Amino acid sequence: MIWALSLAAFLIVLNTWVAYMARVPSGRVPARPWGSVALQISGIALGLAALAVWMSQATSLSTSIAVWAMNPMAIVFGAFFLWLLTQRKTPVGDLRVEVGDTLLPFAATTSEGTLFHTREFEGQRVLLKFFRGGW
Amino acid sequence: MAPELQTLDVRIVAISKDTPEEAALHKERDSLQHITLLADPQLEVIRQYGVEHHKAFGFDTRNTLTLGGIPLGLVPSFKVMAIPTSLIVDETGEVRWIDQSEDYRLRSNNDRVLGAARDVF
């Protein structure tokens, strides 16, 4: 039973992370990720249950290593996922433009190392995205 | 989303705190050839537009936890970076739409942006 609990905890947390993060690049994360939340809570609960079972019975060294390899990771990463969701409401900031304003001109360097200026936008339709950066 | 925006003749320009070298890596890694990536490592443009986030939680591939030379993973930290914000600008330079979703995960959601672009153009 301890193996089943440990594997379930680890795989649930891992797969929930993978499935959620796979949606990030395409910008299709769910607005209300309650399914992911439920799965992570389940994973954490299973991890805690596995550790409780380990403490209540004698186990082999190999089983102990596996239990302590999988379950703390499941608990920590499951909790981390949930904590990240609590940080989702970031400040809107002090945006200096409003709809109807003219775009504030600026200069920057492109990824090719060339100079860019918003003069290039003249006559163009543009989607300008401020983003957190690549990882 | 890029092909749909191309049919509307919309150019996609993205700017972040990355250096030009980091932006180049990002462009290659994620196949972003159809996007103009701009580097703002000094946060000058980001501050000009008022979209600086002082305590954003993020990962930096230069900040790796190692044990005896073996990489164990990325160490998260609080960093200064841009608040994800999207603006649609028309041919005259007028800002026609701004994405101000409070939930950063939903900002610049493809459907939202495409819907806005279709409405504007």
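Numbers restart at 1 for each chain; the letters A, B, ... are given by sequence-line order, proteins then strands. All figures in this text were calculated on a predicted structure; none of them were measured in a lab.
Residues Q48(B) and P105(A) share a closest heavy-atom pair of NE2-O, 2.9 Å.
Contact count against chain B (heavy-atom pairs under 4.5 Å) is highest for V99(A) among V99(A), T114(A), T102(A). The candidate from L104(A), T110(A), T118(A) with the greatest count of non-hydrogen atom pairs under 4.5 Å with chain B is L104(A).
I65(A) and L5(A) are members of different hydrophobic clusters when ILVMFWY side chains are connected at heavy-atom separations under 4.5 Å. At a threshold of 4.5 Å between side-chain heavy atoms, the hydrophobic network of Ile, Leu, Val, Met, Phe, Trp and Tyr places I41(A) and V18(A) in one connected group. Linking ILVMFWY side-chain heavy atoms closer than 4.5 Å, directly or via other members, places W34(A) and L82(A) in a single hydrophobic cluster. V37(A) and V76(A) fall into different hydrophobic clusters, defined by Ile, Leu, Val, Met, Phe, Trp and Tyr side-chain heavy atoms under 4.5 Å apart, directly or through other members. Neither I2(A) nor L61(A) shares a network with the other; the hydrophobic side chains, linked directly or stepwise wherever heavy atoms of I, L, V, M, F, W or Y lie under 4.5 Å apart, form separate groups for each.
A distance of 11.0 Å separates OG1 of T36(B) from CG of L127(A), quoted to the nearest 0.5 Å. The CG atom of L8(B) sits 7.0 Å away from the CZ atom of R125(A) when rounded to the nearest 0.5 Å. Taken from CD1 in I12(B) to CG in L128(A), the straight-line distance is 11.5 Å, to the nearest 0.5 Å. Rounding to the nearest 0.5 Å gives a distance of 13.5 Å between CG of D94(A) and CZ of R47(B). Distance check: T109(A) OG1 to E21(B) CD gives 9.5 Å after rounding to the nearest 0.5 Å. Note that CG of L38(B) is 8.0 Å distant from OG of S111(A), once rounded to the nearest 0.5 Å.
The part of E112(A) that comes within reach of chain B is its side chain, from C-beta onward, which places non-hydrogen atoms under 4.5 angstrom from that chain. Neither the backbone nor the side chain of D40(B) comes within contact range of chain A; no heavy atom of the residue lies under 4.5 Å from a heavy atom of that chain.
By the 6.0 Å contact criterion, CD on Q33(B) is enclosed, its count of non-hydrogen atoms from other residues, nucleotides or ligands being greater than 12. In this structure, F77(A) places its CZ atom where only 12 or fewer heavy-atom neighbours from other residues, nucleotides or ligands lie under 6.0 Å away. Enclosure of atom CE in M1(A) is not indicated, since only 12 or fewer non-hydrogen atoms of other residues, nucleotides or ligands lie within 6.0 angstrom.
No donor-acceptor pair closer than 3.5 Å links the side chain of R11(B) to the backbone N or O of Q124(A). No donor-acceptor pair closer than 3.5 Å links the side chain of E91(B) to the backbone N or O of V126(A). Between the side chain of Y49(B) and the backbone N or O of F130(A), no donor-acceptor pair lies under 3.5 Å.
Counting only heavy atoms from C-beta outward, the side chains of L37(B) and F131(A) approach each other to under 4.5 Å. Side-chain contact between V51(B) and L95(A) is present, with heavy atoms from C-beta onward closer than 4.5 Å. Within the 4.5 Å cutoff, the side chain of R132(A) has no heavy atoms near those of the S16(B) side chain.
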Could you go through L87(B) and V97(A), starting from their C-alpha distance and side-chain angles, then the distance that decides it, and tell me whether this counts as side chain to side chain contact (heavy atoms under 4.5 Å, CB included)? CA-CA 10 Å; L87(B) 299 88; V97(A) 291; 3.5 Å; yes
